[in-house]
Amino acid sequence: MSVAYDFAHSPATEFMSRPQHLLIDGRRVPASSGRTFNSLNPATGQVIAIVAEGNEADVDHAVAAARRAFEGPWRTMRASERGQILLRWADLLKAHAEEIIELESIDAGKPIAATSRQDFPAAVDTLIYYAGWADKISGDVVPVRDDALTYTVREPVGVVAAIVPWNFPLMIGMWKLAPALACGCTIVMKPAELTSLSALRIAELALEAGLPAGVFNVVTGPGRVVGDALVNHPDVDKVTFTGSPGVGRGIMKGAASNFKRISLELGGKSANVIFDDADLEAASKAAASGIFFNAGQVCSAGSRVLVQEKAYDEVVERLAARAKSLRIGDPLDRKTVLGPVISEKQMKSVLDYVDIGRKEGATLVTGGEKVGDRGYFISPAVFANVAHEMRISQEEIFGPVVSVIKFKDEADALRIANGTAYSLAAGVWSRDIGKLQRFAKRARAGTVWMNTYGYTDVRLPWGGERDSGLGREHGTAALDNFTEPKAVWMNLAV
């Protein structure tokens, strides 16, 4: 493993050396309790920043600031001006690209090449896309009767709590921020405790772009304190959350207190189905990327590769060869493909699942071991002879572990693909277009990829059902998340 952990002085390291206070009402302020916590580099286990540990009082202050901003300058501002501020923010992000990419890579253990290629451009694209929507969110004139003018308008839902996960803090954070702000909402964001830094930095740049104080607030700290306080706060109108199904269920219960609107993007156990008539080289390459990208810490990771009987052994062999070839190492090395998992706790959880797979009778073909003497690196694991009912086939592992499952025919593939509690995404590989279309029609998944895997775009809806969540992000669906329709009647017979 190639490791070069000492990085030179840079804007990112300078930012990390500062006390990482909360951002409330346009100012960086310490937590009201004075408490802090350490942010660790997953590649080394070393402390990289000291972050304020917010609590219920801080949430109260942030929500009050967001409410004032919502009732005042942000809601009453011309929509086109809101869009211009978002565009200036996008320009500032691009001007600070190197700093933000390095910050995200160090804080989340993400390979810098992938962050440069995907995460950062996707975040900027999202912001620009919704900036363009700001002055185009319109209603309709509905001809109900001759003696009335009847029409609809869409109004911002209000104060939004955005709770963001640690696997894609910058990109998924922007998935929530950009449409909410474009719609005229104000936000209190709670980044994941493990990855708070990029949220704080881009919030500073938002203020520099002209975002009024209180429109975008960041309260860092543990989910059981800050997250719970936001979910249960009587003056929060909407919660948008990406994370685990267990936490999602808790949010649904908490939101009932004042009937908050919620949207949830939760877990996945996505099936990547390879028929024996597929291009096996292309399918195997994409399947490896679909599970090992970001060390498998992806909600839509193709963690179940279903292979038709005749092609099974060849695909297993190809997956194992690709797993062995992946360069594991320092996320700041641009040649690194596989970085660490996010934390020691997550590493232990993944390694425990490797043990479970062995005990269940699956064959560990390669990988599944801790790599190196520091940091949280795991060699990518390929399990063969996996039965559909095994825990490693049914439960989300959220690490670089793939279960390769054999199937007989189309019906069998569909039964296995749909046979978990999740429904976020699926992939299917075949040269038979009819077979592809039949599978796509019957697959229980919010997104189906045909002869490819893993692509997303802000212009297309994203989300799932059951344990994969509630509602959709991206595209015009996100505008529905952050607006309420209002019907207006005007009597013309006066």
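Here, residue 1 is the first one in the sequence, and each next residue gets the next number. We use all heavy atoms of the structure for the numbers below, so side chains are in, but hydrogens, waters and symmetry mates are not.
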Participant: Of all residues at least two apart in sequence or in a different chain, which pass the ring pair (Phe, Tyr, Trp, His ring centres under 6.0 Å) check with Y453?
Facilitator: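 Y453 satisfies ring pair (Phe, Tyr, Trp, His ring centres under 6.0 Å) with W449 once adjacent residues are dropped.
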Participant: Can you confirm whether the side chains of T420 and Q394 place a donor and an acceptor under 3.5 Å from each other?
Facilitator: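 No donor-acceptor contact under 3.5 Å links the two side chains.
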Participant: Between the side chains of R35 and D58, is the shortest nitrogen-to-carboxylate-oxygen separation below 4.0 Å, so that they form an ion pair?
Facilitator: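 Here D58 does not pair with R35 in a salt bridge, since their nearest N and O are not under 4.0 Å apart.
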Participant: Answer yes or no: is there an ion pair linking D140 with R154, defined by an N-O contact shorter than 4.0 Å?
Facilitator: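 No, no charged N to carboxylate O under 4.0 Å.
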Participant: Test salt bridge (charged side-chain N to carboxylate O under 4.0 Å, His left out) on R68 and D25 and set out the steps.
Facilitator: CA-CA 9 Å; R68 287 192 299 271; D25 206 13; 3.2 Å; yes
Participant: Is K176 paired with E473 through a side-chain N to carboxylate O contact shorter than 4.0 Å?
Facilitator: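 Salt bridge present between E473 and K176.
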Participant: Centroid separation under 6.0 Å, is that true for the rings of F216 and W74?
Facilitator: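 Centroid distance W74-F216: not below 6.0 Å, so no.
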Participant: In terms of side-chain geometry, is the basic nitrogen of D147 or R145 positioned less than 4.0 Å from the acidic oxygen of its partner?
Facilitator: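 Counted as a salt bridge, because a side-chain N and a carboxylate O are separated by less than 4.0 Å.
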Participant: How far apart are the C-alpha atoms of E155 and K486, what are their side-chain angles, what is the distance that settles it, and do they pass the salt bridge (charged side-chain N to carboxylate O under 4.0 Å, His left out) test?
Facilitator: CA-CA 7 Å; E155 297 182 337; K486 176 184 285 185; 3.0 Å; yes
Participant: Can you list the residues that meet the ring pair (Phe, Tyr, Trp, His ring centres under 6.0 Å) rule with Y376, with sequence neighbours excluded?
Facilitator: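 Checked Y376 against ring pair (Phe, Tyr, Trp, His ring centres under 6.0 Å); zero matches.
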Participant: Is a salt bridge present between D91 and K94, judged by a nitrogen-to-oxygen distance below 4.0 Å?
Facilitator: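 Answer for the salt bridge query: yes.
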Participant: What's the spacing between L197 CG and I48 CD1 if we round to 0.5 Å?
Facilitator: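 Separation between the atoms: 5.5 Å.
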Participant: Judged by modelled atom types alone, do S10 and E102 share a side-chain donor-acceptor pair under 3.5 Å?
Facilitator: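 E102 and S10 do have a side-chain donor-acceptor pair below 3.5 Å.
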Participant: Are the side chain of S423 and the backbone of E465 linked by a donor-acceptor contact shorter than 3.5 Å?
Facilitator: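 At least one qualifying donor-acceptor pair exists.
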Participant: So which atom in T483 and which in R261 form the shortest heavy-atom distance, rounded to 0.1 Å?
Facilitator: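 Heavy atoms only, the tightest pair is O-NH1, 2.6 Å.
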Participant: I'd like to know if the side chain of H61 pairs up with that of N217 as donor and acceptor (distance under 3.5 Å, no hydrogens or angles considered).
Facilitator: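 Side-chain D/A pair, H61 to N217: absent.
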Participant: Pairing donors with acceptors under 3.5 angstrom, does anything connect the side chains of N55 and S32?
Facilitator: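 Judged by distance alone, the side chains do pair up.
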Participant: Looking at G267, is its backbone amide N or carbonyl O close enough to the side chain of S468 to form a donor-acceptor pair, meaning the two atoms are under 3.5 Å apart?
Facilitator: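 Judged by distance alone, yes, a pair lies under 3.5 Å.
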Participant: I need the single residue from N294, T115, T195 that forms a side chain to side chain donor-acceptor pair (under 3.5 Å) with K110. Which is it?
Facilitator: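 Running side chain to side chain donor-acceptor pair (under 3.5 Å) over N294, T115, T195 with K110 returns exactly one hit, N294.
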Participant: Nearest 0.5 angstrom please: M189 CE to L200 CG, how far?
Facilitator: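 Interatomic distance, M189 CE to L200 CG, rounded to 0.5 Å: 10.0 Å.
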Participant: Is a donor from one side chain sitting under 3.5 angstrom from an acceptor on the other, for K238 and S263?
Facilitator: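 A pair is found: one side chain offers a donor N or O, the other an acceptor, under 3.5 Å apart.
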Participant: To the nearest 0.5 Å, what is the distance between CD on E204 and CZ on F15?
Facilitator: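 Rounded to the nearest 0.5 Å, the CD-CZ separation comes to 5.0 Å.
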Participant: More than 12 foreign heavy atoms under 6.0 Å from NZ of K136: is that the case here?
Facilitator: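 It does: K136 NZ has more than 12 such atoms within range.
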Participant: S257 and N232: side-chain donor and acceptor closer than 3.5 Å?
Facilitator: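 No - no donor-acceptor pair under 3.5 Å links their side chains.
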Participant: Which heavy atom of V402 sits nearest to which heavy atom of F292, and what is that distance?
Facilitator: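 So the two residues come closest at CG1-CZ, 4.1 Å.
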Participant: Taking the basic N atoms (NZ, or NE/NH1/NH2) and the acidic carboxylate oxygens, is any pair closer than 4.0 Å for D237 and R67?
Facilitator: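 Looking at D237 and R67, the cut-off is met.
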Participant: Consider only side-chain N and O atoms of D107 and S39, and report whether a donor and an acceptor are under 3.5 Å apart.
Facilitator: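 Yes, a side-chain donor-acceptor pair sits under 3.5 Å.
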Participant: With the threshold set at 4.0 Å, does a side-chain nitrogen-carboxylate oxygen contact exist between D135 and R78?
Facilitator: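 Result for this pair is no, no salt bridge flagged.
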